[in-house]
> 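First the structure, which I've put down as structure tokens, then a few questions once you've had a look.
Every value quoted in this text rests on a predicted model; they were computed, and no experiment measured them.
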Amino acid sequence: MELLGSFCLAYAVVTSFSLGVAPSFGTFLSIGLALVFLIHLFGRSSGAHFNPSVSLMFFGQSTLANPSFFWSNFLSFLGYAFAQTLGVLLGFHARPFIPPSGPFSLRSTLVEVCMSLALFWLIHVWSDEGRICPEARPLSGFVVGSGLTSLLFLGFADSVGIFNPAFTLAFISLGGHGLEQILVLQLLAGVMMIFAPRPLAL
């Protein structure tokens, strides 16, 4: 389910940026709406992470599998990260796409890590036991999708707004360069969110 959902999300991104017009708020809105749909479709089965940093956050919080067993969580994380990365690679290779390339300014890298943290915090607050699941939190899909739309729109002004290590790896495989620091920051944001306090029940 994570592989299929990640493929669909990546394909939605490719399609949104391949329409032959300059990216606008409508471009980012279509990606956010795709995420809303995918969360509602896959949230109950896989948790709808579609992002290795999100799975890393839940792994560190021991909510991916059996919370009593480190290895169950670790193997689940490896499976999720592999499926997400493969799904995104397949999605981005499904049709022509020009990946973003660096070098990125210090401002851009700081914006990327801050916005990644903002997205992961939103997911952290609106998730339940390692899942972004509308069954547990009925508005979670809409909140996370609208948050992604806003962050993509704001991040694009600084030539960033990836927030996903699987996307970054796919861009590198397509010839994007200067993305290594972005990849490290995205993973670091996931690690930092491991220590985020649990919010009060909504």
Side-chain angles (χ1 to χ4, degrees), residues 1-2 4-19 21-58 61 63 80 84 87-88 91-92 100 108 110-168 170 182 185-186 189-190 192-193 196-202:
M1 293 298 101
E2 281 292 300
L4 181 59
S6 298
F7 170 83
C8 292
L9 182 59
Y11 193 79
V13 171
V14 169
T15 302
S16 297
F17 279 93
S18 301
L19 297 178
V21 296
S24 64
F25 185 76
T27 305
F28 308 121
L29 179 61
S30 65
I31 296 171
L33 289 174
L35 181 60
V36 172
F37 174 75
L38 292 170
I39 288 173
H40 280 265
L41 190 62
F42 295 111
R44 292 174 64 182
S45 57
S46 73
H49 300 179
F50 313 137
N51 184 326
S53 285
V54 172
S55 296
L56 178 61
M57 174 179 73
F58 290 135
Q61 295 172 355
T63 54
Y80 267 54
Q84 292 154 357
V88 168
F92 274 110
S108 293
L110 288 175
V111 168
E112 177 72 16
V113 72
C114 289
M115 290 193 169
S116 294
L117 284 169
L119 179 62
F120 300 159
W121 176 261
L122 196 62
I123 292 170
H124 173 70
V125 171
W126 284 88
S127 64
D128 187 61
E129 293 299 320
R131 295 175 182 273
I132 311 167
C133 183
E135 184 179 28
R137 298 184 186 274
L139 295 176
S140 59
F142 292 101
V143 171
V144 174
S146 60
L148 177 65
T149 298
S150 302
L151 291 170
L152 286 172
F153 181 68
L154 294 172
F156 189 76
D158 283 286
S159 301
V160 292
I162 305 172
F163 317 134
N164 191 325
F167 278 50
T168 306
I182 298 292
L185 289 173
Q186 292 162 347
M192 292 169 66
M193 285 304 302
R198 283 303 303 171
L200 296 176
L202 298 176

> How about Met115 and Val160: do any of their side-chain heavy atoms sit closer than 4.5 Å?
no
> What's the spacing between Met1 CE and Ser6 OG if we round to 0.5 Å?
11.5 Å
> What distance do His40 atom NE2 and Ile132 atom CD1 have between them, rounded to the nearest 0.5 Å?
11.0 Å
> Please give me the minimum heavy-atom distance between Ala166 and Val88, naming the atom from each residue.
O-CG1, 3.6 Å
> Can you give me the closest heavy-atom contact between Asn51 and Phe163, atom names plus distance?
ND2-O, 2.8 Å
> Is any side-chain heavy atom of Phe25 closer than 4.5 Å to a side-chain heavy atom of Thr149?
yes
> Minimum heavy-atom separation for Gly190 and Leu56, please, with both atom names.
C-CD2, 4.3 Å
> Name the orientation class of the two ring planes belonging to Tyr11 and Phe7 (parallel below 30°, tilted from 30 to 60°, perpendicular beyond 60°).
parallel
> If only atom types and distance count, is the side chain of Ser53 paired as donor or acceptor with the main-chain N or O of Gln186 below 3.5 Å?
yes
> Parallel, tilted or perpendicular: which describes the rings of Phe167 and Phe92, with under 30° parallel and over 60° perpendicular?
perpendicular
> Given side chain to side chain contact (heavy atoms under 4.5 Å, CB included), test Tyr80 with Val54 step by step and report yes or no.
CA-CA 10 Å; Tyr80 267 54; Val54 172; over 6 Å; no
> Under the rule for ring-ring contact (aromatic ring centres under 6.0 Å, His included), what residues qualify as partners of Phe50, not counting sequence neighbours?
none
> Is the side chain of Arg137 donor-acceptor paired with the backbone N or O of Ser127 at a distance under 3.5 Å, no angle test?
yes
> If every non-hydrogen atom of Leu35 is compared with every non-hydrogen atom of Leu148, which pair is closest and at what distance?
CD2-CD2, 3.5 Å
> If you define the side chain from C-beta out and look only at heavy atoms, does anything of Leu4 sit under 4.5 Å from Phe42?
yes
> To the closest 0.5 Å, what do you measure between OG (Ser108) and CG (Leu185)?
11.5 Å
> Do Glu112 side-chain atoms and Gly161 backbone N/O form a donor-acceptor pair below 3.5 Å?
yes
> Could you verify whether a donor N or O on one side chain and an acceptor N or O on the other, from Ser46 and Glu2, lie under 3.5 Å apart?
yes
> List the atom of Gly5, the atom of Leu38, and the distance in Å for their closest heavy-atom pair.
O-CD1, 3.6 Å
> Considering residues at least two apart in sequence or located in another chain, which fulfil the ring-ring contact (aromatic ring centres under 6.0 Å, His included) criterion with Phe37?
none
> Would you indicate whether the side-chain heavy atoms of Ile123 and Met193 approach each other to under 4.5 Å?
no
> What pair of heavy atoms forms the shortest contact from Pro197 to Trp121, and how long is it?
O-CH2, 4.0 Å
> For Phe58, enumerate each residue passing the ring-ring contact (aromatic ring centres under 6.0 Å, His included) test, keeping only those at least two apart in sequence or located in another chain.
His49
> Would you confirm whether Thr15, through its side chain, and Ala12, through its main-chain N or O, come within 3.5 Å as a donor-acceptor pair?
no
> For the CG atom of Leu139 and the CH2 atom of Trp126, what is their distance to the nearest 0.5 Å?
5.0 Å
